[in-house]
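Each remark here refers to the structure printed beneath this line.
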Amino acid sequence: MKRIALLGMPNTGKSTLFNRMTGGAARVGNWPGITVDLLSGHILLGGDMVEIIDLPGIYDIHGFSEDEQVVRHFLHDNIPDLAVVVLNATQIERQLSLLLQLRQYNLNMVVLLNMADEAKKFGITIDAAKMTEALGIPIFLMSAKYGNGYQDAVHAIGKALRYNTPGMAENLRSQLEPETHIEEEMSRVLDHAVQVPARLPDNLTAQLDRLMLHPLLGLPIFFGIMYLLFQGIFFFGQPLQSAVGDFFNWLRELLLAPALSSLPPVIQGLLLDGIYNGVATVSAFIPIIVLFFLFMAIVEDTGYLSRAAFLMDALMSRLGLDGRSFVMLLMGFGCNVPALMGTRVMRSRSLRLLSMLVIPFSLCSARLQVFVFISAALFAPGSAALAVFSLYLFSFASAILTALIFKRHFQNNEPFVLELPPYRFPTLRQMWLRGWHEVYHFVHRASKFIILGVVFVWLLTHLPTSATPAGPDTWAGHVGAWLHPLFEPIGISAELTIALIFGFVAKEIVIGSLAVIYGLGGHALSHALAIQLDWVQAYSFMLFTLIYTPCLSTVATLRSESKSIRFTLLSLVWSLALAWLTSLAFYQGARALGY
Amino acid sequence: MKTPEFTHSLSDLAPGESATIVSIQTDDALRQRLLALGFRAGKHIEVIRRASFSGPLQVRIGTTDILLRRQEAAKITVNKP
Ligand SMILES: Nc1nc2c(ncn2[C@@H]2O[C@H](COP(=O)(O)OP(=O)(O)OP(=O)(O)O)[C@@H](O)[C@H]2O)c(=O)[nH]1
Ligand SMILES: [Mg+2]
């Protein structure tokens, strides 16, 4: 099968093009370094199946960072039949250098000058035909986001795939051209075919940035936006979650319970109290997930992440981190795994490791589910959202404290240089793709180890059959009693201890486990929790859930990205210790104050 | 007639000031990255703003905006007309 590789500088729209060509759901965002790994898809092109590979962006062919090495290794191991080079048309003046470097590699190439829509807005005119002539490579203007020029581009790709037109066959070219030569060549091509206005018109981006990056207002605005976003998610998402939960309960009473009533009680219990309650309670969070990732998609695509890096770099540098580490913390609010992988753009290993040590404290969407549920059950409507927001503050505080403690061991002097892209806004299609993809991901997880998890919890809390369910004589009861000395000082009961143990696998299981342990779902579970716990215990439980290991996938990613078992263990042990100490300080402190 | 020109480091420029890049004195890796971002001798560069608390600078070369720390900016020599 023929292979097409998408090459180009970061943030030029390779993944957007990949999604358009394959109908896939590669992650897109207005941040250089969203894609850090290979992703392949298949399409039918001119009657043949071809493979398309989306690659991380590269600035030049000598790059040293991990994501750039992914590209080098890929090109080294399998020469693609066609390299589609995606350049940002608005930045053609500088991005041409990459094309000229690639031209030395004797690749079959088609060049797409993407973001033609923006180039037009900026008053940049490019004569693609003249450029084609000057370089001897087919060059097309297009917009991967809106589709202008896309048909012509696909046509050219199909043609180039059939009639191989290797770029520079001469062996002389196999030596790297000196930069001076590249500069001469760049101006030769550009003078010929490109016109850029001397000064960019004062556009929306410049106007917005005067406010968003304001020396005094910038940071307050940043925290204000975050506060509003999380309030919004709680405000719209929590009622939806609770309504869906009640709907599942209603379905159970109306249909499932009568239908299964002929089965033996143990099987009925396993199916209804175990699997159904657990999975239904977890599934009720789908609306929140969708809402959350719609917000995330918007934040990521506006380009505000780079602004956050600008605003926070000063503070981060004092913690031994940089603005990009902060952006990865923000990305971790969605899921810690891609955020950990996103550190591949950093060249210094120490900086990468220190960033990876703090990212797991980022309050991911799975933990958010636990906090939304418990806060709504235990706190008055007005203060519930505040309780969740306070956990975000604890999330930052844990990251900051960790960096302060460990920065001496991970010293680095990595330079901080980052592009600041213009503000953009996702299309409905892009938002829909992202939301759908996350729901798919969630259901996928739910159908695998969440079901497995709740079945385990049910067995542990109901066996042996002679014991009262979830009582002290069950297996779970024994485990809880054994761990009691550790969890009693932080106000966490035996039942909750079991939920925490399973939460190690994935945080979605925590609420599922509680549903199984109490044999209740939806509102009924909330009531049961409100009776069993006071707010101090609940908050201590949430603090522990926030700070200890997020999930097994995170541990596996820490291991594979750091390639060090020692580092992975350090991360595990430190987060457990910090979780326990924080909960202890909070619980004992609150009790001492008489709460 | 040749106008007098004064050599500065990029980190000395105030927001709103612009200059021409003369040379880049960094290690090879950073140099490569800066070249790819458009930092080349003879290019026009403008400082757009500086972050509070000695944070990074925002500069503009052509149509690209770039953030860089003061330490890095100090390694770039510019000519102010
Ligand atoms: N205006 C405009 N924006 C585009 C176009 N194509 C992509 N974008 C936006 O550009 C940003 C970057 O797109 P991606 O597809 O993630 O870019 P990428 O090249 O895969 O980036 P990396 O994975 O970081 O290397 C996103 O905000 C896209 O929505 C286009 O044709 N026009
Ligand atoms: Mg990408």
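Below, all heavy atoms of this structure are taken into account, side chains as well, without hydrogens, waters or symmetry copies. Just so it is clear, the model here is predicted, and its values are computed rather than measured. Note on naming: letters A, B, ... go to the chains in the order of the sequence lines (proteins, then strands), and numbering restarts at 1 for each one.
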(Q) Let's go through R307(A) and D209(A) carefully: what are the C-alpha distance in whole Å and the side-chain angles of both, what is the deciding distance for salt bridge (charged side-chain N to carboxylate O under 4.0 Å, His left out) to 0.1 Å, and is it a yes or a no? (A) CA-CA 8 Å; R307(A) 272 81 191 171; D209(A) 274 345; 3.0 Å; yes
Chain B contact via [X] - side chain, backbone, both or neither, heavy atoms under 4.5 Å:
X       : answer
N413(A) : neither
E414(A) : backbone
M312(A) : neither
L213(A) : both
N88(A)  : neither
I92(A)  : neither
R347(A) : side chain
E93(A)  : side chain

Q. Would the number of heavy atoms belonging to other residues, nucleotides or ligands and lying under 6.0 Å from CD of Q207(A) be above 12?
A. yes
Under a 4.0 Å threshold between the charged nitrogen and the carboxylate oxygen, would [Y] count as salt-bridged to [X]?
X       : Y       : answer
D117(A) : K145(A) : no
R424(A) : E118(A) : yes
E185(A) : R103(A) : yes

Less than 4.5 Å to any heavy atom of chain A: does that hold for the side chain of [X], its backbone, both, or neither?
X      : value
E72(B) : side chain
R50(B) : backbone
I61(B) : neither

Q: Provide the closest heavy-atom pair for R31(B) versus T26(B) in the form atom of the first, atom of the second, distance.
A: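 For R31(B) versus T26(B), the nearest heavy atoms are N-OG1, 3.3 Å.
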**Q.** Between M316(A), E419(A), Q95(A), the one whose heavy-atom pairs under 4.5 Å with chain B are most numerous
**A.** E419(A)
Q) Run the ring-ring contact (aromatic ring centres under 6.0 Å, His included) check on F222(A) and F326(A) step by step: do they pass? A) CA-CA 13 Å; F222(A) 170 76; F326(A) 183 72; 5.6 Å; yes
Q) Does the ring of F64(A) carry R33(B) above it, NZ/CZ under 6.0 angstrom from centre and within 45° of its axis? A)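 Geometry flag: not set, cation outside 6.0 Å or 45°.
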